[in-house]
Amino acid sequence: MTFSITTWNINSVRLRMPIVEQFLVRHKPDILCLQEIKCREAEFPLQPLKDLGYRHIIIHGQKGYHGVAIASKVPLLEDHRQDYCGVGDARHISAIFERGSRRIRLHNFYVPAGGDEPDRSINPKFGHKLDFVEEMKALKAGAVPGISSILVGDLNIAPLEHDVWSHKQLLKIVSHTPVETEGMKEVIRQGGWLDLMRHHTPEPTKIYTWWSYRAKDWEAADKGRRLDHIWSSPDLGPFLDRIEVLKEARGWNQPSDHVPVTAVFKF
DNA sequence: ATGGTTGGGATCCAA
């Protein structure tokens, strides 16, 4: 039995439904996790997803900013939304699903970008990001015996040297500063998570999932970063068949600045 | 060292 799950920061789901549908028709993941939907729950375009077989949809929306959603072909059980940092942002949604005899807890995150200045004393947005990451350290992949875990999302941190186009040039750039990358490594270590993308494609192979809108020619410059992630509890590691980073989606009409990342399991 | 683009929704903020 196979199972596939995609994470994609869509940067306005209403504007980008044409490419969401294009992706789903071509790639048919069992579950699609979206971030930055930038709409309220009532404004979310449910019908096009239901028409493609994604009948189980849960949304944590917000007017204009942030927002996360899970669209699934398999039923979603025991869903909840956690308010990280207690500021009322829609940045997390979670559910349990079943695949064969397995029960899996899925978390979908949109971690704060953190602003431009990597100093919390002058940039509160960077402080918010660090606090958010600190709170994520409590999330344990093996929290409930008999239930596996998958964590996906736009985590807005590129933790490893080969997760960015230039390690040296990005050390003082928000998303790759040591306090962020060490924080993320602690979230992984303390939570007992497995970084599935690096399990499949170890360093020093470069992996990017985001290319800035600001580059004149994103493809020629290729100054990307790995900001989007798929983690799991270690028990699922042996069943990972492949990871697909759909770089071509960055070149589609009216693209997101992030591309879809898919994990395919063979159980 | 600087400025570059995009989206939402309001004429600026966040990314």
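All values reported here derive from a predicted model rather than from experimental measurement. In the text below, chain A, chain B and the rest are named by the order of the sequence lines, each starting its count at 1.
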(request) Taking A:T6 for its side chain and A:P29 for its backbone only, find out whether a donor-acceptor pair lies under 3.5 Å. (result) no
Ignoring the backbone of [X], work out which of [options] is nearest its side chain.
X: A:R14; options: B:dG7, B:dG9, B:dA14; result: B:dG9
X: A:L15; options: B:dG7, B:dA14, B:dG9; result: B:dG7
X: A:Y213; options: B:dA14, B:dT6, B:dG8; result: B:dT6
X: A:K63; options: B:dA10, B:dG7, B:dA15; result: B:dA10

(request) For the pair A:H176 and A:H167, name the ring-plane relationship: parallel under 30°, tilted 30 to 60°, perpendicular over 60°. (result)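 Geometry flag for A:H167 against A:H176: perpendicular rings.
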(request) Identify, between A:Q254 and A:Y110, the residue whose nearest nucleotide on DNA chain B lies closer to the 5' end. (result) A:Q254
(message) Between A:G114 and A:P255, which residue's closest nucleotide on DNA chain B lies nearer the 5′ terminus?
(response) A:P255
Atom-pair distance ([atom1] on [X]; [atom2] on [N]), nearest Å:
X: A:D116; N: B:dG3; atom1: CG; atom2: C1'; answer: 11 Å
X: A:Q62; N: B:dA14; atom1: CD; atom2: C1'; answer: 12 Å
X: A:R214; N: B:dA1; atom1: CZ; atom2: P; answer: 18 Å
X: A:N156; N: B:dA14; atom1: CG; atom2: C1'; answer: 11 Å
X: A:N11; N: B:dA14; atom1: CG; atom2: C1'; answer: 10 Å

(message) Could you check whether A:R102 makes a cation-pi contact with A:F267, meaning its NZ or CZ is under 6.0 Å from the centre of the six-membered ring and within 45° of the ring axis?
(response)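 Yes; both conditions hold, so A:R102 lies above the ring face of A:F267.
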(request) Considering just the side-chain nitrogens and oxygens of A:R250, establish if one lies under 4.0 Å of OP1 or OP2 belonging to B:dT6. (result)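 Answer no for this pair, as no side-chain N or O of A:R250 is under 4.0 Å from OP1 or OP2.
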(message) Would you say the rings of A:F239 and A:F265 are close, in the sense that their centroids are separated by under 6.0 Å?
(response)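 For A:F265 and A:F239, the ring centres are not under 6.0 Å apart.
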